[in-house]
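Contents: one structure, followed by commentary.
Worth knowing before you read on, the calculation uses all heavy atoms, side chains too, and leaves out hydrogens, waters and symmetry mates. As the structure is a computational prediction, the values presented were derived from the model and not from experiment.
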Amino acid sequence: MEETHVNKDPISEKTEEESENKQLEYPVHPSDVLPEERVNFWKLFKENWLSILTDCLTFGSFGMGVAFLGPTLFDLGCQTSSDLKDMNWVIFAQLVMTLVGSISAGCLAKRAVPVYVLLLIGMVGLPLFMYLVPSCTVFAWLLVDLLLMGWCMGCIDCVANLRMIMRFGTNVTPFLQAMHFFYGLGAFISPMIAAPFLVNIDCTPLVDGVTSSSNSLRITRAQHLSKSRTAFVILGSIQLLITFIVVTVVTLEKMNIIKTGAYVSQSTSQHSLKTAALEKDERGGVSLKHIIIVTIMASISLFIYDGIQSSFGDYIYSYAEKSISNLRKEEGAFLNACFWGCFAFGRLLAIPLATRLTSLFMLSINLGGVLGASTLMLIFHTDKTVIYIGVCSLGLFLSSMTPTAISLAEQFININPSITSCLVVCAALGESLCPIIVGNLFALIGPPTFLTFCLSATILAVIFYVLLVLIGRRTIKYKEKPRTSFIFLYERKKAGESSLIMPSSLKYYSKMQEEPEENLQLGPIKSTSTE
């Protein structure tokens, strides 16, 4: 091939300039990219493995803090001489503080408070307040302790998600799935550790008649029988070990002993600049109207997903104890562990799937599975076998919905720190409000309302998923992307084409400084073969 240089007329010059702008703002097809520029998830992991593992362990500790309250609810009620209705408010209060922690962490991060400082505060506080739970024999003390623990968990939730998204940009999906897998793993471990030390006695009838000396003695006996103190010490010790790891890694990073990848900070700044440019110029990609609508739709979806997850994790134990007659006492905690175990397995499975399947397809499968499992459980709500199948299915299909929804939103708009905070806050709000709604329905109407609520929320989630996709497909960013399969991220291999995964935003991973526009050579490499 030989290159020819011709004088450009104004029309061709304009066309070339528009083409160059598109190349700078949008992904380039994998077959048009030089091999060394292609996104390689394994290479990205190897370059940042220690930071990724640290964030994953952080989220595992967060998951342990979220899941311990469900199976220990009865024992904590006896410990503080509180009935089930009061304990429902404890769950609500902790989740509200998780929301507050997410909001405050996002605001502090925007006001130049270092992200690693917020991470360390959350990680130090979480095991500390876990250790204090057995000492809270008065309801007010327990409430204060769990409120402070909730703030720490919200801080961790926001900061860990933000660190991962800003590290990998639009190619965050497998890493986000991995981090959320550790959340599910921590949530699975928590009830399994607690189960052998619980007495599982509902002290509500005894609390209601506490004036009776016999009931008072029975409460005291239940308090002495419970060995939950040991469970909280074990959980706190595991979290403390993770905290030591996080402190060590962050310290080494600040001392520049550990390299986290030269492109990380650059990709973050490029991502922010690109988003700002798109907001200012509708011709460049995504209008502000599209950003707002897609953000709202995604936020509502995350509210529902995390609301179902939190409600199910908190109340499946109580539902099983109240509704299934042939269920042994110790099976309640085991059923809870089944949910979180399948939840963790689903997130583990989602890691390789996220590198091969589209977010659109994965989320549709998740919603279909949750809808089917919820319907089945409501129809056969007293059948022990069906409940086990439904619990495992819900855990499996609910597992990857939140990270997949965030990844899907990124395909329609450019997610910056402000949008990330909005998504995390709405997810935390769902975790806060839905369990208290379920708890009140549970206490006032009866256990079956728990399954009715889950099914209704799932139907609503399907509706908002359809709306999100319909609106997202109208965004210019989505329209400018090369057409791909609804199911697979792989392109069908044709003559002269690569079948590697198509990167969502290739230039985030360039380790070179950006050149002026006239020196940039990111355009496609065209072959000159004749037909």
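- The side chain to side chain donor-acceptor pair (under 3.5 Å) test applied to Ser318 returns no partner, not counting sequence neighbours.
- Ser311 places no side-chain N or O within donor-acceptor distance of the main-chain N or O of Ile308, the cut-off being under 3.5 Å.
- In this structure, the side chains of Leu76 and Leu69 come closer than 4.5 Å at one or more pairs of heavy atoms.
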Subject >> Worked verdict on Phe303 versus Leu433 for side chain to side chain contact (heavy atoms under 4.5 Å, CB included) >> reply: CA-CA 9 Å; Phe303 176 95; Leu433 294 181; 4.1 Å; yes
Anything under 3.5 Å between a donor and an acceptor, one on a side chain of residues 58-68, the other on a protein residue two or more places apart or in another chain? List them.
unit_1, atom_1, unit_2, atom_2, d
Thr58, OG1, Thr54, O, 2.8

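- Shown here are the side-chain contact (heavy atoms from CB on, under 4.5 Å) partners of Cys56, two or more places apart in sequence or in another chain: Ile52, Ala178, Met179, Phe182.
- For the residue pair Gln177 and Thr404, a side-chain donor N or O sits within less than 3.5 Å of a side-chain acceptor on the partner.
- The salt bridge (charged side-chain N to carboxylate O under 4.0 Å, His left out) check on Asp55 picks up Arg163, Arg167, with sequence neighbours excluded.
- With contacts defined as side-chain heavy-atom distances shorter than 4.5 Å, the pair Thr80/Leu143 does not qualify.
- Remark: side-chain polar atoms of Thr72 are not paired, donor with acceptor, to backbone N or O of Asp75 under 3.5 angstrom.
- Here Gln94 pairs with nothing under the side chain to side chain donor-acceptor pair (under 3.5 Å) rule; sequence neighbours left out.
- Taking the side chain as every heavy atom from C-beta outward, Phe412 and Ile471 never approach each other to under 4.5 Å.
- Side chains of Leu394 and Val370 form a contact here, defined as non-hydrogen atoms less than 4.5 Å apart.
- Between Val424 and Cys158, the closest heavy-atom pair is CG1-CA, 3.9 Å.
- Atom CE of Met401 is separated from atom CG of Leu408 by 11.5 Å, given to the nearest 0.5 angstrom.
- For the pair Tyr465 and Leu360, the minimum side-chain heavy-atom distance is below 4.5 Å.
- In plain terms, the two heavy atoms of Ala298 and Leu468 that are nearest each other are N-CD1, 4.2 Å.
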Subject >> Glu431 vs Gln309, side chain to side chain contact (heavy atoms under 4.5 Å, CB included): CA-CA, chis, key distance, verdict >> reply: CA-CA 8 Å; Glu431 287 183 314; Gln309 170 196 315; 4.2 Å; yes
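- Sequence neighbours left out, the pairs with a member in residues 337-353 that pass side-chain hydrogen bond (donor to acceptor under 3.5 Å, both in side chains) are His180-Arg347, Asn336-Trp340.
- Between Ser228 and Gln79, the shortest heavy-atom contact is OG-OE1, 4.1 Å.
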Only pairs under 3.5 Å count here: list side-chain donor-acceptor contacts from residues 120-128, not counting sequence neighbours, and write none if there are none.
none

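- Here the OG1 atom belonging to Thr358 is positioned 11.0 Å from the CG atom belonging to Leu353, to the nearest 0.5 angstrom.
- In this structure Trp49 satisfies the ring-ring contact (aromatic ring centres under 6.0 Å, His included) test with no other residue, sequence neighbours excluded.
- Shown here for Phe343 and Gly184, the closest heavy-atom pair between the two residues is CD2-CA, 3.5 Å.
- Side-chain N or O atoms of Ser399 include one that pairs as donor or acceptor with a backbone N or O of Leu396 at under 3.5 Å.
- Within the 3.5 Å criterion, the main-chain N or O of Thr295 finds a donor-acceptor partner in the side chain of Ser299.
- Residues satisfying the side chain to side chain donor-acceptor pair (under 3.5 Å) test with Tyr131, not counting sequence neighbours, are Ser237.
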Subject >> Test log, rule side chain to side chain contact (heavy atoms under 4.5 Å, CB included), inputs Leu367 and Leu371 >> reply: CA-CA 6 Å; Leu367 285 169; Leu371 184 62; over 6 Å; no
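- The CG atom of Leu348 sits 11.5 Å away from atom OG of Ser400, with the distance rounded to the nearest 0.5 Å.
- Exactly one of Phe339, Tyr305, Tyr317 qualifies for a ring-ring contact (aromatic ring centres under 6.0 Å, His included) with Phe312. That residue is Phe339.
- Here the shortest heavy-atom pairing between Val133 and Leu142 reads CG1-CD1, 4.1 Å.
- Applying the side chain to side chain donor-acceptor pair (under 3.5 Å) test to Tyr315 and every residue at least two apart in sequence or in another chain returns Asn88.
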**OP:** Show the numbers, then the answer: is there a side chain to side chain contact (heavy atoms under 4.5 Å, CB included) between Arg356 and Phe488?
**Re:** CA-CA 6 Å; Arg356 288 166 171 79; Phe488 298 106; 5.5 Å; no
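- To the nearest 0.5 Å, the span separating CD1 on Ile351 from CG on Leu176 amounts to 10.5 Å.
- Checked by atom type and distance alone, the side chain of Ser82 never pairs as donor or acceptor with a backbone atom of Gly77 at under 3.5 Å.
- Ile291 has its side chain within reach of Ile419: a pair of non-hydrogen atoms, C-beta onward, lies under 4.5 Å apart.
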Enumerate, atom names and distances included, each donor-acceptor pair closer than 3.5 Å involving a side-chain atom of residues 449-461, sequence neighbours excluded.
unit_1, atom_1, unit_2, atom_2, d
Thr449, OG1, Leu441, O, 3.3
Thr449, OG1, Gly446, O, 2.6
Thr452, OG1, Pro448, O, 3.2
Ser456, OG, Thr452, O, 2.9
Thr458, OG1, Cys454, O, 2.7

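- Judged by distance alone, the side chain of Ser407 and the main-chain N or O of Pro403 form no donor-acceptor pair under 3.5 Å.
- Shown here for Ala194 and Ala231, the closest heavy-atom pair between the two residues is CA-CB, 3.8 Å.
- Using a distance-only test at 3.5 Å, with no hydrogens or angles considered, no donor-acceptor pair links the side chain of Asp157 to the main chain of Met153.
- Atoms CD1 and SG, on Ile387 and Cys338 in that order, are 12.5 Å from each other to the nearest 0.5 Å.
- Residues Leu429 and Asp306 form no side-chain contact, since every pair of their non-hydrogen atoms from C-beta on lies 4.5 Å or further apart.
- Residues passing the side-chain contact (heavy atoms from CB on, under 4.5 Å) test with Pro447, sequence neighbours excluded: Tyr319, Lys322, Ser323, Phe442.
- Residues Leu302 and Ile406 have side chains in contact (heavy-atom distance under 4.5 Å, counting atoms from C-beta outward).
- Interatomic distance, CG of Leu357 versus CD1 of Ile365, reported as 9.0 Å (0.5 Å rounding).
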